[in-house]
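First up is the structure itself, then whatever we jot down about it.
Everything numeric in this text was worked out from a predicted model, so none of it was measured. First listed ligand is number 1; within each ligand, the first listed atom is number 1.
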Amino acid sequence: MNTIKNKPIKLLPAFKDYLWGGTKLKTDFNKKSDLDIVAESWELSANEDGQSVVSGGEFDGYTMREYIAKVGKSVLGSKAQEMTYFPLLIKLIDAKTNLSVQVHPDDEYAERVEHSYGKTEMWYVLDCEPGAFLYYGLNREVSKEEFKERIDNNTVLEVLNKVEVHKGDVFFIPSGTIHAIGAGILICEIQQNSNITYRVYDYDRRDKYGRPRELHIDKALDVTELRPAPKLTQTQGGDDAVLASCKYFTVRRLRLNGKTEIDIDDTSFHSLIVTDGDGSIEMNDTKIELHKGDSVFVPAQKGSYVLAGEGEIVLSRI
Ligand SMILES: [Zn+2]
């Protein structure tokens, strides 16, 4: 059956001009914004802090929440029917300078303390400056006392696991893993739909009013895994590679080289982020042109769609 609710839709993001951001999302990823700095673009978001908006077609101008209210929750797929919140938040992030050192709670803690989801996240590195690095977990086991002391005396970086970054790298960050994206890194982030961040160190930076950003040390001490970081797994190559798979999401990297047919089922929607090149998606009498930086939502349904073109797409589902 071919109805308006099973057509793919193109999305425009919500933008964030956080102080650490750059301009590459505008210059390299075709993002159109009046903001001078675009730190983040929220490419698939029904989060109250910034929603994506439908572009073109019958639902042009609808926010993600308005679109779902109109067509029904079935577009999210059977796996999402029990969920209280939209399941994913997908962003592009341009870190011109370092992001704060932070940690996110798991579902149990977030539900109890924040009435929200926890946050497990994944980063796919789209671009980086030579020598760029980030922090991922601890480099050794530390006691809670030592961890707290190092936060208090600004030496916490010494016990973090510092990793050099290359284009194409994948980092899977379970809730409880302390982390910080470093300067000169542009990533696509796939995460649970939660905006709960416990900041433990911010390089003593000040905002434009001369104030430091708030730290959340007690909560961070509650949720941080104080063991060394899990080993990073190497992603296999190929035109269709799984970058990460966990109970919250599965993420694939598709390399486009001509036409390819992608199967979809009724258990989850697909989110497509065009990370390189140009092409198109065709499904149910709808054709959408794709360019680097574009975001498309494909409603859950039994069927398939055709991708054509040259480039790379990050496909996420729950
Ligand atoms: Zn984070």
Sorted by chain and residue number, which protein N/O/S atoms are under 2.8 Å from the Zn ion (ligand 1)? Gln102 OE1, His104 NE2, Glu121 OE2, His179 NE2

Could you note down all residue pairs passing side-chain hydrogen bond (donor to acceptor under 3.5 Å, both in side chains) where residues 181-193 supplies at least one of them, sequence neighbours left out?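 Found Asn47-Asn193, Asp107-Gln192, Lys119-Gln191, Trp123-Glu189, Glu189-Gln191.
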
side-chain hydrogen bond (donor to acceptor under 3.5 Å, both in side chains) contacts touching residues 67-91 (sequence neighbours left out):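 Checked against side-chain hydrogen bond (donor to acceptor under 3.5 Å, both in side chains) - neighbours excluded - the pairs reaching residues 67-91 are Lys5-Ser74, Glu40-Lys91.
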
For the NZ atom on Lys16, are there more than 12 heavy atoms of other groups (residues, nucleotides or ligands in this structure) within a distance under 6.0 Å?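 More than 12 heavy atoms, drawn from other residues, nucleotides or ligands, come within 6.0 Å of this atom.
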
Does this structure show an ion pair linking Asp202 with Arg205, if we count only N-O contacts that are shorter than 4.0 Å?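 Salt bridge: yes.
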
For Asp276, side chain to side chain contact (heavy atoms under 4.5 Å, CB included) partners two or more places apart: Lys292, Glu312

Is it the case that the ring center of Tyr117 lies less than 6.0 angstrom away from the ring center of Phe86? no

